[in-house]
Amino acid sequence: FGLLAVTMRYQKHLFGKWQRGVKISREFYLQFLRITAPVFLNDGLWGIAFNICTMAYARIGTAAMAAVQITRTIEELLFVLIIGISSAAAILLAQYIGAGREDIVYRAGKKLVLLGIATGVFAGVILFTIAPFITSIFKVTDATSWNVITSLRAVAFIQIIKYGNLLLITGVLCSGG
């Protein structure tokens with residue numbers, strides 16, 4: 001980034017005027033906001049929720065914070081699965097849209113959201129099942145171990161909503177479907 005900034009500063013003739021050829025109409029700007037606002041809102045609310053939870057656990061104490069960090073680490077290992085599925089869904093739906101196959105897009109979008117929910121059920125069952133075994137990997141107290149097991153099992157039930165939401169927003173809506 002620094003090299004680009006220096007080059008742009010001292011070698012202006014290479015880049016020309018950035019305003020040339022860039023005309024953003026009011027209609028385009030409003031359409032951009034209408035399309036991207038749900039994505040910005042969704043990502044912003046997820047970010048705020050994670051930060052609020054972290055602050056709350058930090059105020060409870062180090063045992064609670066350790067339990068949360070272990071829980072998040074394990075949860076995020078499974079979360080990679082839905083991120084890959086969401087990215088693939090976005091690509092698939094965008095290809096259908098680009099090919100002019102709008103008739104398929106709606107049906108495929110619904111099926112993909114159901115796939116996200118099913119993946120959430122799968123991840124939830126895995127989290128719930130492996131919860132007691134996870135604490136043996138870490139050197140923690142019995143109280144922290146119990147907190148990790150309880151947290152993982154609570155998070156297991158949230159995965160259905162979380163995965164369905166992510167696939168809907170990232171996989172379907174961001175693709176244009």
Side-chain angles (χ1 to χ4, degrees), residues 1-8 11-54 68 71-130 151-177:
F1 179 73
L3 182 61
L4 180 63
V6 170
T7 304
M8 288 178 74
Q11 302 292 327
K12 292 180 182 178
H13 65 281
L14 295 175
F15 295 97
K17 290 194 175 261
W18 70 272
Q19 296 96 343
R20 188 180 330 167
V22 178
K23 300 220 188 254
I24 299 175
S25 67
R26 186 172 193 275
E27 292 80 26
F28 176 80
Y29 180 72
L30 291 174
Q31 181 183 10
F32 173 80
L33 286 179
R34 190 175 60 249
I35 291 170
T36 59
V39 177
F40 289 143
L41 183 65
N42 179 64
D43 292 347
L45 289 176
W46 275 111
I48 290 169
F50 278 117
N51 284 321
I52 289 172
C53 287
T54 301
V68 168
T71 301
R72 283 193 181 161
T73 301
I74 302 306
E75 178 188 9
E76 288 170 2
L77 285 172
L78 285 173
F79 197 64
V80 171
L81 180 67
I82 192 64
I83 294 202
I85 293 172
S86 293
S87 298
I91 292 167
L92 178 70
L93 291 176
Q95 284 182 338
Y96 285 143
I97 291 169
R101 303 291 313 267
E102 284 84 11
D103 56 317
I104 297 176
V105 173
Y106 182 74
R107 283 189 319 230
K110 285 173 70 173
K111 287 180 182 178
L112 289 166
V113 170
L114 290 175
L115 175 65
I117 293 169
T119 307
V121 170
F122 174 72
V125 167
I126 288 176
L127 280 175
F128 195 89
T129 305
I130 67 169
S151 296
L152 280 172
R153 288 190 166 163
V155 164
F157 290 103
I158 297 170
Q159 299 310 303
I160 300 167
I161 297 166
K162 189 175 179 179
Y163 282 38
N165 175 47
L166 186 77
L167 205 128
L168 176 65
I169 298 291
T170 306
V172 176
L173 297 180
C174 285
S175 69

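The model shown is predicted, which means the values in this text are computed figures rather than measured ones.
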Closest non-hydrogen atom pair between [X] and [Y], with its separation:
| X | Y | answer |
| --- | --- | --- |
| A156 | G124 | CB-O, 3.2 Å |
| T71 | S151 | OG1-CB, 3.3 Å |
| K162 | F79 | CE-CE1, 3.5 Å |
| A89 | L167 | CB-CD2, 4.5 Å |
| G109 | L93 | N-CD2, 4.0 Å |

Rounded at 0.5 Å granularity, tell me how far [atom1] in [X] sits from [atom2] in [Y].
| X | Y | atom1 | atom2 | result |
| --- | --- | --- | --- | --- |
| L41 | T36 | CG | OG1 | 11.0 Å |
| S86 | I91 | OG | CD1 | 11.0 Å |
| D43 | I169 | CG | CD1 | 8.0 Å |
| I97 | E102 | CD1 | CD | 7.0 Å |
| L112 | T119 | CG | OG1 | 10.0 Å |
| L33 | F28 | CG | CZ | 10.0 Å |

Min side-chain heavy-atom separation [X]-[Y] under 4.5 Å:
| X | Y | result |
| --- | --- | --- |
| L166 | W46 | no |
| Q159 | E75 | yes |
| K110 | Y106 | yes |
| I85 | Y163 | no |
| I130 | I74 | yes |

Exercise. In this structure, are over 12 heavy atoms from other groups packed under 6.0 Å from L114 atom CG?
Worked result: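 Yes - once you tally the heavy atoms of other residues, nucleotides and ligands closer than 6.0 Å, there are more than 12.
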Problem set entry | N/O donor-acceptor pair under 3.5 Å between N42 side chain and P38 backbone |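 Not at all, since once roles are kept as given, no pair shorter than 3.5 Å links the two residues.
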